[in-house]
Amino acid sequence: MKLRAAILFALTALSLGLVVVASPAKPAWACSCARADQADERADLIVVGTITNVTGTGVQLAVESVEKGSLGAGATIRLKGGRQEASCGYDFRVGIRYRVNSSDGATGLCAGITPAPAPAQLPNTPSAPGAAPTLVTAVPAPAQLPGRWWLATGAMLTVLAAGLVAVALQRRQARAGSQRTRGPATGQ
């Protein structure tokens, strides 16, 4: 009885440990954006442009268009901001086009930054009036493989099943041993 309780306790502890290890944890951030939905309203400058330089304390941006503020297209601006998202910075990449919100010359994760799509390329020749649109078929997205937590969960379930089988076999052997020690029943 004590051995069965010890095996059951060990299997339970192992299962709980694997659940903790296998559970996908969300990252914890020191930064929390209180009102990210109002980023456009709080910004005094909203521009679309390409990053030309990134330092540890800021970013330089070649402005292509201005959505809010008094800055001309074609200008180059420098904005203050860190690179670590955990501290409300943003990890800008040189050569990438972004839509950037800024307040008082600073930007960051909570200010409202999104990668901007490449500008639309205009065709060299205009389409003929009444021409039928060309259908374009999108390439299907590649199948995603399950994360590593599936492997750990499968291992946990395998260990749990093996433990249950071991307990069942032990019980069967214990019953068979106890019947042998009693001997055959006599009809006298």
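These numbers were taken from a predicted model, which means no experiment stands behind them.
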Subject >> Residue pair T107 / Y90, side-chain heavy-atom distance below 4.5 Å >> reply: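 No. Closest side-chain heavy atoms not under 4.5 Å.
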Original post:
Under 4.5 Å between any side-chain heavy atoms of V59 and V100, yes or no?
Top reply: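 The answer is no; the side chains never approach within 4.5 Å.
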If two hydrophobic side chains count as joined below 4.5 Å and joins carry through other members, does [X] share a cluster with [Y]?
X: V63; Y: V54; answer: yes
X: L45; Y: L109; answer: yes
X: I96; Y: I46; answer: no

Non-hydrogen atoms of [X] and [Y] that approach each other most closely:
X: L79; Y: S102; answer: CD2-OG, 3.4 Å
X: A43; Y: S103; answer: CA-OG, 3.5 Å
X: A62; Y: T52; answer: CB-CG2, 3.9 Å
X: Y98; Y: I113; answer: CD2-CG2, 4.0 Å
X: V48; Y: A116; answer: CG1-CB, 4.1 Å

Subject >> T76-Q60 side chain donor-acceptor pair, cut-off 3.5 Å >> reply: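 No donor-acceptor contact under 3.5 Å links the two side chains.
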Reported [atom1]-to-[atom2] distance for the pair [X] and [Y], which is rounded to 0.5 angstrom:
X: L61; Y: R97; atom1: CG; atom2: CZ; answer: 10.5 Å
X: E64; Y: T50; atom1: CD; atom2: OG1; answer: 4.0 Å
X: N101; Y: E41; atom1: CG; atom2: CD; answer: 10.5 Å

Original post:
Do you know which of R171, R172, Q173 makes side chain to side chain contact (heavy atoms under 4.5 Å, CB included) with R175?
Top reply: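 It is R171, the one option of R171, R172, Q173 that forms the side chain to side chain contact (heavy atoms under 4.5 Å, CB included) with R175.
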Original post:
What pairs meet the salt bridge (Lys or Arg N to Asp or Glu O under 4.0 Å) rule with one or both residues in residues 66-78, with sequence neighbours excluded?
Top reply: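 Qualifying pairs: E67-R99.
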